[in-house]
Amino acid sequence: MEGAGGDGGKDVYEYDEDNQLIIYELKSFTGRLTRGRRSQVEKSLMTAAQHQPDAWDLVVPVHPTAGEWSWFDGLRKDYPFVRELCGLVWLNEKLALHDDLVRAAVQGPDGYLLDRIRDARAERDVLLGGVPDLAERYETLMRRASEISPHYGLTVSHAEGGRERDRHRVQGPADV
């Protein structure tokens, strides 16, 4: 949800396969869940309650302390739909599944484009330094293929003396 004018207590929400409404409250707090921050969360929770969700999760990039866990568990007294406190470990596990999102966050929107420009230059300049440039380019292309999908692999080999010559193999999902 776009929250500039208020998001109505729904930062992110979904309806699961059973058509249950799940609301995720996202907070960018990087320090402790202080009294003021807890108050912000509770205000968001009160607003979310108006939508009668089946579940509500708090996502905050911290390692919760015992006191913070206790506070969160106490929210269930008034709001039985409170489900999970998703901390930094949970968030890192989810981000590890999406390298593209991490790259975009770290590099910014222009990072991907700059990488592609660098690759295009490498294609243009390949072999100016001879065979070592070609070998380096093959390594880069193999890494890129692996980044795009772990289900594909690229193998390139060339041997002197006529025994094995220019063998190229692309491994797809059916080969894995």
Side-chain angles (χ1 to χ4, degrees), residues 1-120 140-153 171-176:
M1 295 292 293
E2 211 290 50
D7 56 28
K10 296 189 297 188
D11 285 339
V12 176
Y13 69 94
E14 68 175 334
Y15 288 92
D16 69 7
E17 60 277 352
D18 297 323
N19 203 34
Q20 293 190 339
L21 173 61
I22 302 168
I23 296 178
Y24 302 89
E25 178 65 28
L26 312 178
K27 293 295 185 192
S28 60
F29 308 143
T30 55
R32 299 284 33 111
L33 294 174
T34 62
R35 183 181 311 219
R37 289 176 173 181
R38 291 177 189 191
S39 179
Q40 287 179 40
V41 169
E42 290 168 9
K43 183 178 176 188
S44 295
L45 179 55
M46 286 190 317
T47 304
Q50 296 171 8
H51 300 287
Q52 299 178 339
D54 296 290
W56 181 89
D57 294 346
L58 174 61
V59 180
V60 59
V62 299
H63 295 292
T65 64
E68 289 164 344
W69 280 113
S70 179
W71 161 79
F72 183 80
D73 288 338
L75 295 175
R76 292 185 180 104
K77 181 180 66 165
D78 293 325
Y79 303 98
F81 55 85
V82 168
R83 187 171 66 173
E84 291 188 44
L85 171 54
C86 305
L88 189 58
V89 170
W90 178 90
L91 193 55
N92 285 338
E93 288 172 354
K94 300 303 178 204
L95 287 173
L97 300 173
H98 300 281
D99 290 342
D100 55 333
L101 296 177
V102 175
R103 252 192 321 276
V106 171
Q107 294 178 338
D110 299 328
Y112 182 81
L113 181 59
L114 294 174
D115 284 348
R116 301 297 75 76
I117 291 169
R118 186 189 69 239
D119 290 347
T140 299
L141 289 173
M142 286 187 283
R143 274 194 314 276
R144 183 78 66 222
S146 179
E147 288 173 3
I148 291 170
S149 174
H151 301 293
Y152 287 89
Q171 179 180 342
D175 301 320
V176 176

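Below, each value reflects all heavy atoms present in this structure, side chains not excepted, and no hydrogens, waters or symmetry copies.
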Chi angles and distances behind the side chain to side chain contact (heavy atoms under 4.5 Å, CB included) call for Gln40, Phe29: CA-CA 11 Å; Gln40 287 179 40; Phe29 308 143; 3.6 Å; yes
Criterion side chain to side chain contact (heavy atoms under 4.5 Å, CB included) on Cys86 and Lys94, from CA distance to verdict: CA-CA 10 Å; Cys86 305; Lys94 300 303 178 204; over 6 Å; no
Nearest atoms (heavy-atom pairs only) where Asp11 meets Leu26: OD2-N, 2.8 Å
Leu85 versus Pro64, closest heavy-atom pair with distance: CD2-CG, 3.7 Å
Ile22 CD1 to Asp16 CG distance, which is reported to the nearest 0.5 Å: 4.5 Å
All side chain to side chain donor-acceptor pair (under 3.5 Å) counterparts of Arg37, not counting sequence neighbours: none
Check: Leu33 main-chain N/O paired with Arg38 side-chain donor or acceptor under 3.5 Å: yes
Check against side chain to side chain contact (heavy atoms under 4.5 Å, CB included), Thr65 and Arg32: CA-CA 8 Å; Thr65 64; Arg32 299 284 33 111; 3.6 Å; yes
Pairing residues for Arg76 by the side chain to side chain donor-acceptor pair (under 3.5 Å) criterion, not counting sequence neighbours: Asp73
Heavy-atom side-chain contact between Phe81 and Gln52 under 4.5 Å: no
Pairing residues for Glu42 by the side chain to side chain donor-acceptor pair (under 3.5 Å) criterion, not counting sequence neighbours: Trp71
Residues which pass side-chain contact (heavy atoms from CB on, under 4.5 Å) with Leu91, listed by chain and number, not counting sequence neighbours: Val59, Pro61, Leu95
Steps toward side chain to side chain contact (heavy atoms under 4.5 Å, CB included) verdict (Arg83, Tyr24): CA-CA 10 Å; Arg83 187 171 66 173; Tyr24 302 89; 3.8 Å; yes
Residues in side-chain contact (heavy atoms from CB on, under 4.5 Å) contact with Lys43, at least two apart in sequence or another chain: none
Considering all heavy atoms, the nearest Leu58-Val41 contact: CD2-CG1, 4.0 Å
side-chain contact (heavy atoms from CB on, under 4.5 Å) involving Asp54 - partner list, sequence neighbours excluded: Gln20, Leu21
